[in-house]
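Chain letters run A, B, ... following the sequence lines, proteins first, then strands; residues in each count from 1. The analysis underlying the following values was restricted to heavy atoms, covering all of them including side chains, and did not include hydrogens, waters or symmetry mates.
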2 protein chains.
Amino acid sequence: MKNYISTLGSSTYERIKKDIIFGALAPSANLKLDGLKERYTASVTTLREALKTLASEGFVEAAEQRGFFVSPVSKNDLIEISDLRILLECTALKTSITNGDADWEGNLVSARHKLQMIEAKMRAGDTGQIELWKRYDWEFHQALIEACNSQNLLALHAIIYDKYFRYQILVLTNRGDEAVAEHCEMFEAALARDSQTAIKVLERHIRLGLEHTLSAM
Amino acid sequence: MKNYISTLGSSTYERIKKDIIFGALAPSANLKLDGLKERYTASVTTLREALKTLASEGFVEAAEQRGFFVSPVSKNDLIEISDLRILLECTALKTSITNGDADWEGNLVSARHKLQMIEAKMRAGDTGQIELWKRYDWEFHQALIEACNSQNLLALHAIIYDKYFRYQILVLTNRGDEAVAEHCEMFEAALARDSQTAIKVLERHIRLGLEHTLSAM
DNA sequence: TTTATTCAAAATTACAATATTTTTTTAATA
DNA sequence: TATTAAAAAAATATTGTAATTTTGAATAAA
């Protein structure tokens with residue numbers, strides 16, 4: 001269940017990635033190796049490995065011989081990312097609802113329960129657990145599509161999800177109640193094996209999030 | 001136009017990737033750093049950077065603390081990759097045909113011309129230019145979807161295309177005439193801005209390639 | 001036959017050397 | 001004097017090597 005991070009290399013990679021997604025490393029920020037060495041207490045070797053990997057995933061850009069910087073953000077990029085998320089996640093959702101077994105249902109119920117708990121807290125004004133909220137939102141969406149029978153699709157989706165999420169954090173404000181209701185609808189439709197409805201709601205969910213974020217940029 | 005490779009790091013990355021796609025490094029092959037050091041005349045630092053990047057793209061798998069190996073192949077993986085290629089490339093093709101301008105048409109005509117030339121040679125029995133054939137096939141498919149207005153989509157597609165291609169090389173035999181005809185049909189449909197037909201042919205093109213490869217595995 | 005222990009192989013990481021880019025300073029020209 | 005060009009210096013990225021850690025195999029003890 002837990003994602004054990006054993007080597008310094010992989011934990012450094014995870015930390016930088018998290019800092020980019022949550023904005024601690026701002027879009028377009030210059031990533032000097034000397035600076036990162038202090039910040040993450042790792043050697044250039046380790047840091048470059050992490051940065052190269054992040055570059056290949058698109059969280060970082062590498063300017064040959066001139067270092068790395070955090071991938072910039074733009075309205076156009078957000079639109080591309082949102083369209084891709086709709087494409088990938090809806091495709092996966094459809095087959096997942098068709099194929100999902102009892103384990104899938106159980107896991108989905110569990111994920112939705114945890115998401116509801118944190119959503120209630122957030123609604124009550126507790127904004128100190130954004131990381132946990134991200135995790136539970138992710139686990140819910142992941143649980144929905146997990147039975148899609150394509151590891152390759154899930155892998156691509158995971159990256160796109162994170163990129164979409166960075167924009168949400170960027171504008172800080174949350175859609176709140178509306179998004180919570182969409183999660184409910186998706187959950188109900190999925191359990192009822194109504195993939196058509198589930199997909200429709202998911203697309204709306206992503207598209208409204210896009211519009212909300214766009215208007216705040 | 002040309003993809004200049006300036007640092008040892010990026011050229012090493014490209015060489016290993018090519019060796020994986022063309023099978024010089026066989027599926028599941030163990031990638032010991034000492035061995036690679038000789039083969040690519042590069043240091044472990046450089047090699048690890050390349051391998052980590054390839055791992056993040058899925059051409060290599062990294063077993064923490066126990067080294068790297070070439071990603072294995074399987075029928076199931078090929079099916080996943082083919083489905084993803086259809087999803088991504090058909091989506092891109094649709095918008096590309098809608099948006100493509102005169103430059104797009106010109107580039108497409110050029111790409112198709114070069115592809116036809118090499119296809120004729122291949123049909124005549126010249127099998128010594130598989131790398132060039134790969135390049136022209138790629139450039140043709142890329143030219144078709146280039147105007148899709150999503151760099152993010154094109155980036156994901158590029159990786160999936162390469163993974164699909166590795167399987168084609170793996171079974172060595174080529175569909176030949178059939179595939180050539182499909183390229184023609186796609187080209188005509190694209191220029192006629194008949195995206196429905198183009199998409200239909202593209203899906204058939206990929207699916208027949210899949211079946212051809214599957215049956216040889 | 002199983003469990004420790006030791007040894008060898010291999011991966012990970014730090015550090016140092018090299019090469020490249022960027023900035024600053026100096027010199028030359030209009 | 002202002003402006004451009006050249007040279008030098010500083011900052012930074014890239015790459016190689018060596019030290020450290022971890023794993024896997026071989027041997028010895030239970």
Just the rounded figure in Å: distance from [atom2] of [N] to [atom1] of [X].
| X | N | atom1 | atom2 | value |
| --- | --- | --- | --- | --- |
| A/Lys52 | D/dT15 | NZ | P | 7 Å |
| B/Leu47 | D/dT17 | CG | C1' | 14 Å |
| A/Phe69 | D/dA13 | CZ | C1' | 15 Å |
| A/Glu64 | C/dT21 | CD | C1' | 13 Å |
| B/Glu49 | D/dG16 | CD | C1' | 12 Å |
| A/Leu51 | D/dA13 | CG | C1' | 12 Å |

>> Using a distance-only criterion (donor-acceptor N/O pair, under 3.5 Å, no hydrogens), is the base of C/dT13 paired with the side chain of B/Thr45?
In response: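 No, the side chain and the base share no sub-3.5 Å donor-acceptor pair.
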
>> For residues 32-47 of chain B, which residue pairs pass the salt bridge (Lys or Arg N to Asp or Glu O under 4.0 Å) check, not counting sequence neighbours?
In response: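 Matches after skipping sequence neighbours: B/Asp19-B/Arg39, B/Asp34-B/Lys37.
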
>> Going by salt bridge (Lys or Arg N to Asp or Glu O under 4.0 Å), name the pairs with one or both residues in residues 87-100 of chain A, residues two or more places apart or in two chains.
In response: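 Checked against salt bridge (Lys or Arg N to Asp or Glu O under 4.0 Å) - neighbours excluded - the pairs reaching residues 87-100 of chain A are A/Arg85-A/Glu89.
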
> So which nucleotide from C/dT13, C/dT20, D/dT15 ends up closest to the side chain of A/Gln65?
Replying inline: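 Nearest to the side chain of A/Gln65 among the choices is C/dT20.
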
>> Holding to ring pair (Phe, Tyr, Trp, His ring centres under 6.0 Å), I want the full list of residues that pass it with A/His183, two or more places apart in sequence or in another chain.
In response: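 With sequence neighbours excluded, A/His183 shows a ring pair (Phe, Tyr, Trp, His ring centres under 6.0 Å) to A/Phe140, A/His141, A/His205, given in chain and number order.
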
> With sequence neighbours left out, what residues match A/Trp104 under ring pair (Phe, Tyr, Trp, His ring centres under 6.0 Å)?
Replying inline: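 A/Trp104 satisfies ring pair (Phe, Tyr, Trp, His ring centres under 6.0 Å) with no residue once adjacent residues are dropped.
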
>> Under 4.0 Å, heavy atoms only, any strand: does B/Thr46 hit a base, just the sugar-phosphate, or nothing?
In response: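 B/Thr46: backbone/sugar contact only, no base atoms under 4.0 Å.
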
> With respect to the phosphate group of D/dG24, does any side-chain polar atom (N or O) of B/Arg66 fall under 4.0 Å of OP1 or OP2?
Replying inline: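 The answer is yes; a side-chain N or O of B/Arg66 sits under 4.0 Å from OP1 or OP2.
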
> Between D/dT15 and B/Ser43, is there an OP1 or OP2 to side-chain N/O distance shorter than 4.0 Å?
Replying inline: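 So the side chain of B/Ser43 is outside the cut-off, no N or O lying under 4.0 Å from OP1 or OP2 of D/dT15.
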
>> Closer than 4.0 angstrom, basic N to acidic O: yes or no for B/Lys163 and B/Asp77?
In response: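 No salt bridge links B/Lys163 with B/Asp77.
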
> Is there a residue in residues 32-41 of chain A whose heavy atoms reach under 4.0 Å of DNA chain D, and which residues are they?
Replying inline: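 Correct list: A/Lys32, A/Leu33.
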
> Is there a donor in the side chain of A/Ser150 and an acceptor in the side chain of B/Glu80, or the other way round, less than 3.5 Å apart?
Replying inline: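 There is such a pair (donor and acceptor under 3.5 Å, judged by atom type) between the side chains of A/Ser150 and B/Glu80.
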
> Taking only residues two or more places apart in sequence or in another chain, which ones pass side-chain hydrogen bond (donor to acceptor under 3.5 Å, both in side chains) with B/Ser43?
Replying inline: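 Partners of B/Ser43 by the side-chain hydrogen bond (donor to acceptor under 3.5 Å, both in side chains) criterion, ordered by chain and then number, come out as B/Thr46.
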
